[in-house]
2 protein chains.
Amino acid sequence: MVTIKDVAKVAGVSIATVSRVIHDGGQVGEACRARVKKVIAELGYRPNSNARALVSKTTNTLGVVTPKISMPFFGSLASGVEKGARENNYKCLMSNSLYETKSELEAIESLRDHNCRSIILHSEYSDEKTLLKLAEEIPGLVLINRYIPAISNRCVWLDNQTGAKHATDYLLKRGHKKFAVITSIYQNGDPGFRLQGIREALKTANVPLPEAAIEESTANLEGGEQAVKALLAKGVKFTALLAYNDNMAIGAIHALFEAGLRVPEDVSVIGFDDLIVSRVCRPRLTTVHYPVEEMASYATKLAIELGEHPDASHHRTHLFIPHLVERDSVADAPGV
Amino acid sequence: MVTIKDVAKVAGVSIATVSRVIHDGGQVGEACRARVKKVIAELGYRPNSNARALVSKTTNTLGVVTPKISMPFFGSLASGVEKGARENNYKCLMSNSLYETKSELEAIESLRDHNCRSIILHSEYSDEKTLLKLAEEIPGLVLINRYIPAISNRCVWLDNQTGAKHATDYLLKRGHKKFAVITSIYQNGDPGFRLQGIREALKTANVPLPEAAIEESTANLEGGEQAVKALLAKGVKFTALLAYNDNMAIGAIHALFEAGLRVPEDVSVIGFDDLIVSRVCRPRLTTVHYPVEEMASYATKLAIELGEHPDASHHRTHLFIPHLVERDSVADAPGV
DNA sequence: ATGAAAGCGCTAACAA
DNA sequence: TTGTTAGCGCTTTCAT
């Protein structure tokens, strides 16, 4: 391994000078700088980042903590983080929290051991108090997909409510009057906001949404199937179905299909997230696009900025607005 | 930040003693050890991993380099790596190579700057010479999904040929006689092996596979659609379709559907990989399971072992055999 | 413009 | 059993 010493020796200068040319420090003679650069190239010298981190107490390494990176949504998130990191010459440590506050905290502590000053965290279940404490201790901590007013400048989040409103309005515009909703049993966070958006849009349009037409289940494919079966079993009539997310929507389509109902001819379905699967299912899913990769890149740049300049307390807001992606799972209401 | 010095001072011992109890080093008095442990807990001391890495010239950090982590296959790969890493108390750096040899190499160099001794690399396009050189320089480098005989003990790969054979045999068993294949235009690596497996199985069964029944396209959804359209346009008749991977298979199903052909009643389709999408499409896709997460965990443990003990040159082989997952896209041949 | 030297937090000889 | 000390490779004053 070639060190700064080797370079200094070969170039016939001191290590301080080498360090200066590496950092483009001003005070170096042109001839000298050129010579050192040449030696660096010849020897293939690369600074040891651990040594750097040790003395400067900071790294060009940041961390991303998500529940499980193999899930497409979090894979996209991680990809966005990596992009933002790479563009700023940062490396990217990843950890799966597996939905446990304990391993989430462990991952974060471990990141701190590594002198990471910037962390992008997707935390669904940790309570605000914990998060606030963490945010206080780590200036470069940015939350993605969560909004905590007290640290609004550290939250990069999506306006779920508006997204759901858009979807509902679109269905309304296509003439639908009989709605059903399938959502998550956990109404904290996203599911609650999305449901609220739906309710608002419907209320504004004076279209009823009976409680019986709202079915809760697990937020995945199976949950979507079950929820629709339950709806059908209860005899709820609907021509428009709003699902909490794409996975539930696709499960719903399957259940509808099995029940002899056609999508979109008999029932129109809208999802939320715009995961890869929504382009792959049949009919292709009309859904609300969640710009997670873009948001993650943005969050990363923010985290880096905050990590490097903890005092630059700009009070911008970091709210993203989703938009509807029209595909093939929505049609005009029957008879329109 | 609390350092080893702080702990030493509070506990009234030298830093060497603290270091010893951290490493469970034998030579420490019981009373002393207990006291130090207590202080460590009280102060919340955590060793600085950069300092450690600097002196010991090794880290508990490893790297995973894949083309793009947002693709479900690579997300699963990364997840497997993270699991293997976590179980060994390692942290996990990730990089997207974006299918470019240049950024792949850059990512690896950067990993070396960080003193990573273990690297898990998924490289499709880099040539063997480059890879061999890398493997020589980095004892803890493990290739996943690639086989290079000269470093067979560093390759964790899948028997694609056998996988494709299983799929073909299964179709044969269900009475199919008229086959078509859609594959990638790039026949290096996986696609070539899979096609070879199909050819062998068919030859053994004395079932012909005319060249016209093999269509090449891009290895994605659109490619699958195009390939099937081309097959149909050429007037090729088939009741069984083998796709290079799940995405092509699903594209194929879409195209078949549009052409008025039912899956599996008219045409049976088999994919390869068993990505999430194969459980989400309709009909659910019968496919060959690629145990990528499991393989990645295995590769990670291997990489860690090799990184820590470069000389332990066990010459095991690391070949995984895929198996078929029966779902709903295959039926008996019409008339059977 | 350049060099000498201190020290980041830690590990590992070597002493005692 | 415990402490002293010399670095690991680098950045950063402080001299010159």
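Within every chain, numbering begins at 1; the chains are lettered A, B, ... in the order of the sequence lines, protein sequences first and strands thereafter.
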Side chain of B:Asn48 - closest among C:dG9, C:dG3, D:dG9: C:dG9
Just how far, in rounded Å, is [atom2] of [N] from [atom1] of [X]?
{"X": "A:Arg35", "N": "C:dA1", "atom1": "CZ", "atom2": "P", "value": "15 Å"}
{"X": "A:Lys5", "N": "C:dG3", "atom1": "NZ", "atom2": "C1'", "value": "15 Å"}
{"X": "A:Asp113", "N": "C:dG9", "atom1": "CG", "atom2": "C1'", "value": "13 Å"}
{"X": "A:Asn115", "N": "C:dC8", "atom1": "CG", "atom2": "C1'", "value": "10 Å"}
{"X": "A:Leu54", "N": "D:dC8", "atom1": "CG", "atom2": "P", "value": "13 Å"}
{"X": "B:Lys9", "N": "D:dG3", "atom1": "NZ", "atom2": "P", "value": "15 Å"}
{"X": "B:Gln27", "N": "C:dC14", "atom1": "CD", "atom2": "C1'", "value": "14 Å"}
{"X": "A:Glu30", "N": "C:dT2", "atom1": "CD", "atom2": "P", "value": "10 Å"}

Residue mapping more 5' on DNA chain D - nearest nucleotide basis, A:Met1 or B:Gly12: B:Gly12
Determine, for [X] against [Y], whether the closest basic-nitrogen to carboxylate-oxygen distance falls under 4.0 angstrom.
{"X": "A:Lys301", "Y": "A:Glu305", "answer": "no"}
{"X": "A:Glu293", "Y": "B:Lys68", "answer": "yes"}
{"X": "A:Arg112", "Y": "A:Glu137", "answer": "yes"}
{"X": "B:Arg33", "Y": "B:Glu30", "answer": "yes"}

Respond yes when some side-chain nitrogen or oxygen of [X] is under 4.0 Å from OP1 or OP2 of [N], and no when none is.
{"X": "B:Lys57", "N": "C:dT11", "answer": "no"}
{"X": "A:Thr17", "N": "C:dG3", "answer": "yes"}
{"X": "A:Thr3", "N": "D:dG9", "answer": "no"}

Flag for B:Ser95-A:Lys91: side-chain donor and acceptor within less than 3.5 Å: yes
Geometric class of the A:Tyr125/A:Tyr99 ring pair [parallel <30°, tilted 30-60°, perpendicular >60°]: tilted
Where protein sits on nucleotides 11-16 of chain D, one letter per nucleotide: B base, S sugar-phosphate only, - none, heavy atoms under 4.0 Å: BBB---
Main-chain N/O of B:Leu275 paired to B:Asp273 side chain as donor or acceptor, under 3.5 Å: no
